[in-house]
Each structure stands twice: as structure tokens, then as C-alpha cells.
Engineer: 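Once you've had a glance at the structure underneath, I'll fire off some questions.
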Amino acid sequence: MKIGIIGAGNIGGNLTRRLTALGHDVAVANSRGPETLKDLAKETGATPVPATEAAQGADIVVVTVPLRSVPELPSGLLDGAAEDAAVIDTGNYYPQQRDGRIAGIEDDGLTESRWTERHLGHPVIKAFNGTYAQDLLDRARPEGAPDRMALPVAGDDEAAKRKVLALIEELGFDAVDAGGLDDSWRQQPGTPVYGLRGGVKEVEDALAAASPERQPDFRG
Ligand SMILES: NC(=O)c1ccc[n+]([C@@H]2O[C@H](COP(=O)([O-])OP(=O)(O)OC[C@H]3O[C@@H](n4cnc5c(N)ncnc54)[C@H](OP(=O)(O)O)[C@@H]3O)[C@@H](O)[C@H]2O)c1
């Protein structure tokens, strides 16, 4: 598949490593330009591109930048993606350490991914947000392995969500459908499933146990 990755940090870098190893055609971008991604390109075979080109023709686009950077992303970022492209948002809101206070999330009550979706102007699927970046490299397991981890996935576009569920399975994790984007508070920072290393049943139980109230550590 043709996959565009916008953000080449902890998560974007490791997704580039895993997805190229699986044989996907990966274009990867950061904020500083393709010449700064030569080492990652050499290591993985991914194509470094400007952010404005990362989504060109892509079946799946991963947006994996800090939330505070989302409004700075160029407009029309996703215009060249395939018509039925799935756009994955891995983002988390860290108002105190990183992102500053975001009124749309705290006052208007938008889920973090709904806020991001509005900025991007394209439906998103929330995935990988509670997964330690290193686990993408170290914790992939074959289907049926007793210690295979499960990851929650939320989104409104059912066809796009199915693509992402399949991609996660291909990466060596079970995927749990966690509902629509308005349900995705169940997997935001501070919830039981966030950072959980568990199987399908544990992830389902953790999603069900979540409280909609934002934890003090995650309020601006
Ligand atoms: N770290 C984790 O284990 C983890 C796990 C799950 C989810 N997350 C979430 O996933 C998101 C990314 O986290 P991360 O740890 O991978 O971040 P990170 O290591 O700080 O990397 C961020 C990347 O985004 C790029 N970027 C920033 N602004 C950009 C722009 N305007 N255009 C294009 N690229 C831009 C940066 O490029 P430059 O370096 O060139 O500025 C960098 O490559 C965050 O919301 C985070 O909370 C992180």
C-alpha cells in the first residue's frame, strides 16, 4: 500500500520502520524538510518528502505531530490522497507539558481527534495514541500469541476504520473497534486503556471503565 506519514518522531519514525519492513511504499515528512530525513530514508527505504507531498496518492495517511503543531500544518495537506484514504490521527493532548490550553477541547468538549479532524478538514481514525512508540518495534506478535497486545481504534468512517484495523493486525497487534470519534475520549490520556499493554478482553474492559471527566493532569 502507499502510505504517507506526516511526522517522523517517535511514532512516525517507528511506523516508517515497521511499515517499510512489511513492504509498504512509505513517504515520510517532518517540519524541517526531506533533507533532514536522509538517515531514516537510508535505514528504511522510505521516501522523504515535503509535508505537502506526503499524502499524494496515499491509501493511508498517518498524522503524527504534537497537537500544538496541528494548526500549523499546511492547508490542503490531504488533498492529493486517494479518495477513500484512511487518515490516522495518533495525537494526544498534553496541555501542561507541551500543547498549551486548547479551548475547543476543554471548553467546547470536542474529543482530541475531533478537534484535529476539524483542522485537517478530513475524517480521521484515532489509533496508536496510547501505544508506546518502542512497543511498535518490540511487541509485535503473530496472531494467536498469548501475549499479543490489542490496540483500540475509533472513527466514524467504517470503511476507513476497517483499513486501519487490518493494518494494525498486519503490524502484529489485535485491533479493537472502540466506536465512533465522539466515543474516543475513552482512549485519551488519563483513561484506563491509555498505555495499557493488554489483550482484547483487557482493552475492551478498560474502554468500558473509562470516565468522561478529564483528569487534572490533562487539563490546561
Ligand atoms: N511518543 C510516544 O510514545 C507516543 C505514543 C502514542 C502517541 N503519541 C502522540 O503522537 C503524536 C506524535 O508524538 P511523537 O512522540 O512521535 O512526537 P515527536 O517525537 O515530538 O515528533 C513529532 C514530529 O512531528 C513533526 N512535525 C511537527 N510539526 C510539523 C509540521 N508543521 N509539519 C510536519 N511535521 C511536523 C516533527 O518534525 P520536526 O522534528 O522536523 O519538527 C517530528 O518529526 C503526539 O500527539 C503524541 O502525543 C506519542
Side-chain angles (χ1 to χ4, degrees), residues 6-7 9-12 14-15 61-73 86-136 139 148-158 160-162 164-165 167-168 171 173-220:
I6 298 164
N10 299 302
I11 289 282
N14 284 351
L15 281 176
V61 182
V62 186
V63 178
T64 182
V65 305
L67 238 68
R68 69 174 150 73
S69 304
V70 167
E72 295 161 16
L73 291 169
V87 175
I88 298 175
D89 165 35
T90 76
N92 295 304
Y93 175 46
Y94 278 82
Q96 296 171 21
Q97 296 98 318
R98 189 188 63 196
D99 298 317
R101 191 174 190 283
I102 295 180
I105 293 173
E106 299 220 25
D107 301 337
D108 304 342
L110 297 177
T111 59
E112 296 167 16
S113 285
R114 184 71 76 195
W115 178 85
T116 293
E117 177 180 88
R118 291 195 179 173
H119 277 285
L120 295 176
H122 191 290
V124 302
I125 305 293
K126 188 177 194 71
F128 301 114
N129 74 293
T131 314
Y132 295 102
Q134 191 63 31
D135 286 359
L136 294 170
R139 296 210 173 216
R148 180 153 142 137
M149 284 170 53
L151 312 184
V153 179
D156 301 329
D157 177 337
E158 292 298 331
K161 186 156 63 176
R162 276 198 300 278
V164 177
L165 294 167
L167 188 76
I168 288 174
L171 282 163
F173 303 92
D174 288 323
V176 171
D177 187 336
L181 216 58
D182 288 337
D183 304 313
S184 65
W185 54 267
R186 291 185 182 277
Q187 66 189 73
Q188 289 180 171
T191 61
V193 84
Y194 188 71
L196 178 74
R197 289 168 164 145
V200 171
K201 174 81 169 67
E202 286 158 289
V203 165
E204 285 174 350
D205 288 350
L207 288 166
S211 157
E213 196 185 341
R214 182 167 286 283
Q215 300 300 305
D217 285 353
F218 297 101
R219 285 191 211 135

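Given the structure is predicted, the values throughout are model-derived calculations rather than measurements. We number each residue from 1, following the sequence as shown.
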Engineer: Taking only residues two or more places apart in sequence, or in another chain, which ones meet Asp157 in a side chain to side chain donor-acceptor pair (under 3.5 Å)?
Structural biologist: none
Engineer: Mind checking side chain to side chain contact (heavy atoms under 4.5 Å, CB included) for Ala133 and listing every partner two or more places apart, or none if nothing turns up?
Structural biologist: Asn10, Ile11, Asn14
Engineer: Output every pair passing ring pair (Phe, Tyr, Trp, His ring centres under 6.0 Å) with a member in residues 95-116, not counting sequence neighbours, ordered by first then second residue.
Structural biologist: Trp115-His119
Engineer: Please identify each residue that fulfils salt bridge (charged side-chain N to carboxylate O under 4.0 Å, His left out) with Asp99, with sequence neighbours left out.
Structural biologist: none
Engineer: Can you pull the salt bridge (charged side-chain N to carboxylate O under 4.0 Å, His left out) pairs that have at least one residue in residues 207-220, sequence neighbours excluded?
Structural biologist: Glu112-Arg214, Glu213-Arg219
Engineer: Please check if any side-chain donor atom of Tyr194 sits under 3.5 Å from a side-chain acceptor atom of Asn129, or the reverse.
Structural biologist: no
Engineer: Under the side chain to side chain contact (heavy atoms under 4.5 Å, CB included) rule, collect the residues that match up with Asp177, sequence neighbours excluded.
Structural biologist: Glu158, Lys161
Engineer: With sequence neighbours excluded, tell me which residues meet side chain to side chain donor-acceptor pair (under 3.5 Å) with Arg197.
Structural biologist: Asp135
Engineer: What residues, two or more places apart in sequence or in another chain, satisfy side chain to side chain donor-acceptor pair (under 3.5 Å) together with Thr90?
Structural biologist: Thr64
Engineer: Could you pull out all residues at least two apart from Glu117 that satisfy side chain to side chain donor-acceptor pair (under 3.5 Å)?
Structural biologist: Arg114
Engineer: Tell me, please, which residues at least two apart from Arg148 pass side chain to side chain contact (heavy atoms under 4.5 Å, CB included).
Structural biologist: Arg141, Glu143, Ala145, Glu169, Asp174
Engineer: Quick one: list whatever passes side chain to side chain contact (heavy atoms under 4.5 Å, CB included) with Arg98, sequence neighbours left out.
Structural biologist: Pro66, Arg68, Tyr94
Engineer: Under the salt bridge (charged side-chain N to carboxylate O under 4.0 Å, His left out) rule, collect the residues that match up with Asp107, sequence neighbours excluded.
Structural biologist: Arg101
